[in-house]
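Structure first, then comments.
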Amino acid sequence: MAASRTLPRLDQDNRFFWTAGARGELKFLRCRDCATFVHPPRPVCRRCLSENVVPETVAGTGVIDSFTINYQQWRPALEVPYVIARVAIDGAPGVFLTTNIVGCPVDVVQIGDRVRVTFERHGEVFLPLFERID
Ligand SMILES: [Zn+2]
């Protein structure tokens, strides 16, 4: 699996996001002043410009908002086909994650499917992927 993905570069703003999976948690920054979720991670709220943004754990479920199926084997270690989806995160209005849907055949995935996070570990990085539930 190591050669099949490009991993994120961790920095002080995004480290909490990529490592929260070590505890099985999905976290997003949330502004303590106006309650807006801020994703991708950045040190300032995009709505009120407050710097009072802190990681908050969400339920880890969501809904497939849109998706596509990739059939192109971009790298030798890449298993195809796979689903690239945009998931609307429960409890975090306005937050969408571009991710993969795993654990099921690609042809059963549909817009509106309920999904739950699962993490794929690469060293200290835990990539948030999603599985269908129901
Ligand atoms: Zn704010």
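The figures that follow rest on heavy atoms only: side chains count, while hydrogens, waters and symmetry mates do not.
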### Query
Are V44 and L29 in one and the same hydrophobic cluster, where Ile, Leu, Val, Met, Phe, Trp and Tyr link if side-chain heavy atoms are under 4.5 Å apart?
no
### Query
Around Q12, counting heavy atoms of other residues, nucleotides and ligands shown, do more than 12 lie under 6.0 Å from its CD?
no
### Task
Can you see which heavy atom on S50 is nearest to which on D33, and at what distance?
OG-OD2, 2.5 Å
### Task
Group every Ile, Leu, Val, Met, Phe, Trp and Tyr by side-chain heavy-atom contacts under 4.5 Å, then state whether V95 and V54 land in the same group.
no
### Query
Do the ring centers of F17 and H39 come within less than 6.0 Å of each other?
yes
### Message
Determine whether L129 and I101 satisfy the following criterion, side-chain contact (heavy atoms from CB on, under 4.5 Å), listing intermediate values before the conclusion.
### Response
CA-CA 6 Å; L129 310 179; I101 306 302; over 6 Å; no
### Task
Report the distance from atom SG of C31 to atom CD of E56, rounding to the nearest 0.5 Å.
11.0 Å
### Message
To the nearest 0.5 Å, what is the distance between CD on E120 and CG on L127?
### Response
5.5 Å
#### Entry: side-chain hydrogen bond (donor to acceptor under 3.5 Å, both in side chains) partners for R32, two or more places apart
none
### Query
Does a sphere of radius 6.0 Å around CZ in R42 hold more than 12 heavy atoms from other residues, nucleotides or ligands, not counting ones at 6.0 Å or beyond?
yes
### Query
Among the clusters formed by ILVMFWY side chains lying less than 4.5 Å apart, do V106 and V63 turn up in the same one?
no
### Query
Taking the side chain as C-beta and beyond, is there a heavy-atom pair between F130 and L26 under 4.5 Å?
yes
### Task
Report yes if some heavy atom in the side chain of R132 is under 4.5 Å from a heavy atom in the side chain of V108; otherwise report no.
yes
### Message
Is there a path of hydrophobic side-chain contacts, each under 4.5 Å between heavy atoms, that joins F16 and V58?
### Response
yes
### Query
Taking it one step at a time, do R75 and T6 satisfy side-chain hydrogen bond (donor to acceptor under 3.5 Å, both in side chains)?
CA-CA 10 Å; R75 297 164 182 240; T6 301; 2.4 Å; yes
### Message
Can you tell me how far apart NZ (K27) and OG1 (T57) are? Round to the nearest 0.5 Å.
### Response
3.0 Å
### Message
Distance check, rounded to the nearest 0.5 Å: T61 atom OG1 versus I89 atom CD1?
### Response
8.0 Å
### Task
Working to the nearest 0.5 Å, report the span between CD of E131 and CG of N100.
12.0 Å
#### Entry: side-chain contact (heavy atoms from CB on, under 4.5 Å) evaluation trace for Q72 with V80
CA-CA 7 Å; Q72 176 68 43; V80 293; 6.0 Å; no
### More than 12 heavy atoms of other groups within 6.0 Å of R15 CZ
yes
### Task
Compare all side-chain heavy atoms of L97 with those of P128 and state whether any distance is below 4.5 angstrom.
yes
### Query
Shared ILVMFWY cluster between V109 and F96, side chains joined below 4.5 angstrom?
no
### Query
Do you know the tightest heavy-atom contact between L78 and Q73?
O-NE2, 2.9 Å
### Query
C45 and V53: which non-hydrogen atoms are nearest, and at how many Å?
N-CG1, 3.9 Å
### Message
If the condition is side-chain hydrogen bond (donor to acceptor under 3.5 Å, both in side chains), which residues does R86 pass it with, not counting sequence neighbours?
### Response
D65
#### Entry: Non-hydrogen atoms of E25 and F119 that approach each other most closely
O-CZ, 3.2 Å
### Message
To the nearest 0.5 Å, what is the distance between CZ on F67 and CD1 on I84?
### Response
11.5 Å
### Message
N70: which residues meet the side-chain hydrogen bond (donor to acceptor under 3.5 Å, both in side chains) condition with it, sequence neighbours left out?
### Response
W74, Y82
### Task
Would you mind reporting whether V115 and I133 have side-chain heavy atoms less than 4.5 Å apart?
no
### Query
Is the CZ atom of R9 crowded by more than 12 outside heavy atoms at less than 6.0 Å?
no
### Task
Evaluate the criterion side-chain contact (heavy atoms from CB on, under 4.5 Å) for residue pair T19 and V125; output intermediate values, then yes/no.
CA-CA 5 Å; T19 60; V125 172; 6.0 Å; no
## Note on the structure
D13 and P41 have their tightest heavy-atom pair at O-CB, 3.3 Å
### Task
Check whether any side-chain heavy atom of F28 sits under 4.5 Å from a side-chain heavy atom of P55, and report yes or no.
no
